[in-house]
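Structure, as structure tokens:
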Protein chains: 2
Amino acid sequence: MARRKRESAGGKPTIFDVAQRAGVSIKTVSRVVNHEDNVRENTRERVLAAIADLDYQPNAAARGLSSKRSYVIGLIYENADEFSYMKHVLDGALAACEAQGYTLLLRPLTLPNDELLAQIRTFAVQARVDGVVLPAPIGDIDGVVDLLKELDVPFATVTPRTPKPEGINVFCDDAQASQDLASYLIEQGHNRIGFILGHPDHRATEQRYKGYRQALKAHGIGYDAALVRKGLFTFESGQQAAAKLLSLDTPPTAIMASNDDMAAGVSFHAHERGLDVPGDLSVVGFDDTPVASHMWPPLTTARQPISSMVEAAVNGLVRQLRGEEANLSEAPFHCEVVIRRSTGATP
Amino acid sequence: MARRKRESAGGKPTIFDVAQRAGVSIKTVSRVVNHEDNVRENTRERVLAAIADLDYQPNAAARGLSSKRSYVIGLIYENADEFSYMKHVLDGALAACEAQGYTLLLRPLTLPNDELLAQIRTFAVQARVDGVVLPAPIGDIDGVVDLLKELDVPFATVTPRTPKPEGINVFCDDAQASQDLASYLIEQGHNRIGFILGHPDHRATEQRYKGYRQALKAHGIGYDAALVRKGLFTFESGQQAAAKLLSLDTPPTAIMASNDDMAAGVSFHAHERGLDVPGDLSVVGFDDTPVASHMWPPLTTARQPISSMVEAAVNGLVRQLRGEEANLSEAPFHCEVVIRRSTGATP
DNA sequence: TTGTAGGCGTTATCAT
DNA sequence: ATGATAACGCCTACAA
């Protein structure tokens with residue numbers, strides 16, 4: 001006995017209802033819904049009309065069960081207190097997923113974390129994601145990319161390019177922006193510029209440092225290792241580094257921090273010390289997080305197009321999942337320098 | 001001809017594999033997996049052992065297709081620039097969903113928004129979510145709750161309790177915390193305390209204002225309408241309100257803002273004006289966002305247990321979906337007051 | 001270009 | 001307490 005074709009039973013319309021209404025088979029409806037070829041334009045329109053009439057929505061569960069794909073993309077991220085970077089990541093990922101018909105599944109992780117790889121393995125396997133996006137610093141961590149390759153889970157990283165890029169990678173010109181910021185300070189007359197490195201596990205840390213060195217070199221300023229301090233991208237590490245730098249016999253007249261949080265720490269420490277910013281000390285950050293524009297004085301910094309980068313990553317991933325060319329531009333995304341009062345601008 | 005039982009074919013183990021291994025029928029496995037009754041303890045253990053051996057994970061798509069439930073909970077939120085509140089919401093929602101075996105689906109919305117109800121309707125229907133969580137201010141908006149009731153989509157709100165509570169509602173003692181903050185200022189010797197209201201569409205706005213009024217009353221300080229200004233929870237609105245308040249003939253010696261962003265705006269404006277905080281002006285915020293501890297001087301504020309509240313909301317929702325009693329405590333969650341330097345503390 | 005048959009892995013129904 | 005079997009709605013073959 002033939003399968004019942006689910007006469008309009010009051011529930012949500014199914015592919016059978018659409019097929020019946022359009023006078024075609026369910027396969028044809030399926031073709032239209034999935035943008036497959038081999039459907040006459042005329043037929044396609046009839047089907048689309050039926051879909052619109054019935055307000056038909058494909059059932060994701062049925063589709064997933066049959067196709068063995070989940071239409072879910074996983075987003076693995078570091079769940080740090082400072083979340084403004086992740087907010088932009090989320091915005092970009094959600095926008096791209098929505099546009100592509102995918103669902104985003106979040107997987108926050110705490111760093112540092114000895115069980116990181118095990119957790120990622122569990123997530124990638126149990127959640128049955130079709131692919132995974134790895135924003136910095138997750139994609140920077142040793143073994144993560146290798147693990148996903150081993151598990152055969154497609155992935156896209158958003159982080160400065162590695163020497164031997166694997167899979168889909170989206171990145172921006174951190175180093176250039178950093179060089180621009182340093183050059184700006186030099187042009188303001190500074191020649192003793194402190195630099196606070198970021199967390200060593202973030203690849204951006206090297207890039208931003210590189211830009212600083214390049215600016216010094218381009219302007220013929222000698223490098224002084226005493227002016228470079230380690231940091232961890234946290235407010236507190238910025239405070240501590242500033243304390244060291246400002247205690248030097250010849251303290252710097254400007255400090256570049258590798259991100260805004262540390263720059264806020266620098267500014268905070270300068271205030272505690274009774275110094276005026278920018279009168280006694282210019283301060284520069286990186287990322288243009290909300291604190292940069294809300295602190296006093298507001299912070300000169302650089303803005304990455306994070307949302308766009310993540311969107312590009314998701315789009316590339318989805319194209320790959322569809323068997324198309326990932327087709328990513330090889331050029332880095334561009335960072336924008338934002339000049340504010342912490343370096344003397346008086347808007 | 002009987003359906004093939006999917007001999008271990010190399011793919012992921014299915015319920016048939018587990019049944020075979022445990023020597024029971026698939027229905028029994030299903031019972032164990034879903035914590036149903038009518039399974040002998042002995043049998044249950046055999047099944048659990050088989051599940052562990054095979055590392056079996058139920059297929060969500062198949063389960064969803066069959067049960068007509070999606071095991072997805074939607075989170076509808078305002079996608080504002082200031083995201084620290086939402087970060088805690090996310091943390092709580094993800095934790096609860098993970099614990100309950102649900103998936104979280106995000107739906108950011110932009111406010112204000114004329115198409116809000118239409119967007120929510122589309123989301124609730126198309127996404128086939130089993131239930132929806134509405135953190136403030138979404139649950140505060142007229143018609144949202146009514147719409148979900150009309151659509152018959154279970155929901156939980158996280159926002160100050162309404163006079164006639166509907167569905168699941170989780171809230172905290174904003175008003176009490178606000179009163180505590182104001183009392184603290186009064187005890188510090190302030191008797192002209194400016195107050196900046198929050199966005200009128202947030203129910204918390206009333207609560208925080210109420211606490212301010214109560215503190216004045218409790219200390220026998222007369223109410224002066226000139227000391228109360230409207231705000232929108234934004235940094236800029238805080239700046240503007242501060243400008244008005246500090247231009248009064250007899251300006252306040254302390255300003256309470258209904259959130260940290262506005263308080264940051266107040267502090268910022270005070271600096272622009274050459275005033276010392278807290279020397280010339282004490283400043284108080286609400287929410288204990290990251291900026292509160294990173295700005296100079298750090299901000300006295302109050303901290304809501306947002307993650308816990310959202311966790312409770314999701315847990316209540318899931319219990320309702322399971323047909324159990326929502327079983328929510330009727331007591332509000334407690335806010336903690338955090339004293340910092342912006343009101344004269346010198347830690 | 002279009003259609004038919006057969007599963008995908010689970011839950012639900014109704015026996016036993 | 002346990003099991004056989006029919007949906008669930010769609011996609012992937014393979015036909016026509």
Side-chain angles (χ1 to χ4, degrees), chain A residues 1-20 22-47 51 54 56-71 101 126 128 130 322-323, chain B residues 1-20 22-47 50-51 54 56-71 101 128 130 322-323:
Chain A
M1 168 172 171
R3 196 196 209 88
R4 188 167 59 95
K5 294 290 193 288
R6 228 188 134 305
E7 317 279 327
S8 51
K12 299 247 169 64
T14 75
I15 198 170
F16 286 95
D17 299 316
V18 177
Q20 188 169 18
V24 298
S25 75
I26 61 164
K27 178 63 213 183
T28 299
V29 176
S30 175
R31 287 195 177 95
V32 171
V33 169
N34 296 296
H35 305 97
E36 287 174 32
D37 294 338
N38 291 337
V39 178
R40 205 173 309 172
E41 187 51 31
N42 184 325
T43 312
R44 172 183 310 279
E45 279 164 18
R46 276 217 317 287
V47 172
I51 288 174
L54 297 171
Y56 166 73
Q57 292 291 133
N59 180 311
R63 191 202 292 242
L65 178 57
S66 184
S67 67
K68 298 179 172 299
R69 296 202 279 155
S70 63
Y71 297 92
Q126 294 199 352
R128 311 198 189 214
D130 286 348
R322 294 206 178 111
Chain B
M1 167 174 171
R3 194 197 211 90
R4 188 167 59 94
K5 292 287 188 293
R6 227 188 134 309
E7 317 278 330
S8 51
K12 300 246 171 63
T14 76
I15 198 171
F16 285 95
D17 299 317
V18 176
Q20 187 168 19
V24 297
S25 77
I26 62 167
K27 179 62 210 182
T28 298
V29 176
S30 177
R31 287 196 177 93
V32 172
V33 169
N34 294 297
H35 305 96
E36 286 173 34
D37 295 336
N38 290 337
V39 179
R40 204 173 312 173
E41 187 50 32
N42 183 325
T43 313
R44 174 185 308 280
E45 278 166 17
R46 278 217 317 287
V47 170
I51 287 174
L54 297 171
Y56 165 74
Q57 291 292 133
N59 181 312
R63 185 192 285 226
L65 177 57
S66 185
S67 68
K68 300 184 174 295
R69 296 202 278 155
S70 62
Y71 297 92
R128 309 195 190 215
D130 287 347
R322 293 207 180 111

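Throughout, a chain's letter reflects where its sequence line sits, starting with A, and its residues are numbered from 1. This one's a predicted model, so the numbers in the text were calculated from it and none came from an experiment.
The interatomic distance linking B:Phe16 (CZ) with D:dA4 (C1') rounds to 10 Å, in whole Å. Summarising the geometry, the separation between NZ on B:Lys12 and C1' on C:dT10 is reported as 16 Å, rounded to the nearest angstrom. One atom, CD of B:Glu41, and another, C1' of D:dT2, lie 16 Å apart when rounded to the nearest Å.
Between B:Tyr56 and B:Ile15 there is a side-chain heavy-atom pair separated by less than 4.5 Å.
Among the atoms of the strands shown, only primed sugar atoms or phosphate atoms (P, OP1, OP2) are found under 4.0 Å from some heavy atom of A:Asn59.
Closest to the side chain of A:Ser25, out of D:dC10, C:dG3, C:dT2, is C:dG3. Considering only the side chain of B:Arg40, D:dT2 comes nearest among C:dT2, C:dC8, D:dT2. The side chain of A:Val24 lies closest to C:dG3, out of C:dG9, D:dG3, C:dG3.
Separation of atoms CD (A:Glu41) and CD (A:Glu45) is listed at 4.5 Å; rounding is to 0.5 Å. The OG1 atom of B:Thr14 sits 9.5 Å away from atom CG of B:Leu54, with the distance rounded to the nearest 0.5 Å. Here the straight-line distance linking atom CZ of B:Arg46 with atom CZ of B:Arg40 works out to 9.0 Å at 0.5 Å rounding.
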Residues 57-67 of chain B side chain polar contacts: donor-acceptor under 3.5 Å, at least two apart:
unit_1, atom_1, unit_2, atom_2, d
B:Gln57, OE1, A:Gln126, NE2, 3.3
B:Asn59, OD1, B:Ala61, N, 2.7
B:Asn59, OD1, B:Ala62, N, 3.0
B:Ser67, OG, B:Arg63, O, 2.7
B:Ser67, OG, B:Arg69, N, 3.2

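Positionally, the nearest nucleotide of DNA chain C for A:Thr43 lies more toward the 5' end than for the other of A:Arg128 and A:Thr43.
Side-chain nitrogen and oxygen atoms of B:Lys68 include at least one within less than 4.0 Å of the OP1 or OP2 phosphate oxygen of D:dG9.
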Check: Which letter, B, S or -, goes with each nucleotide of nucleotides 11-16 of chain C from 5' to 3', with contact meaning a protein heavy atom under 4.0 Å?
Finding: BBB---
Notebook entry, point to check: Does the pair B:Lys68 and A:Lys12 meet the rule for a side chain to side chain contact (heavy atoms under 4.5 Å, CB included), with working shown?
Noted result: CA-CA 11 Å; B:Lys68 300 184 174 295; A:Lys12 299 247 169 64; over 6 Å; no
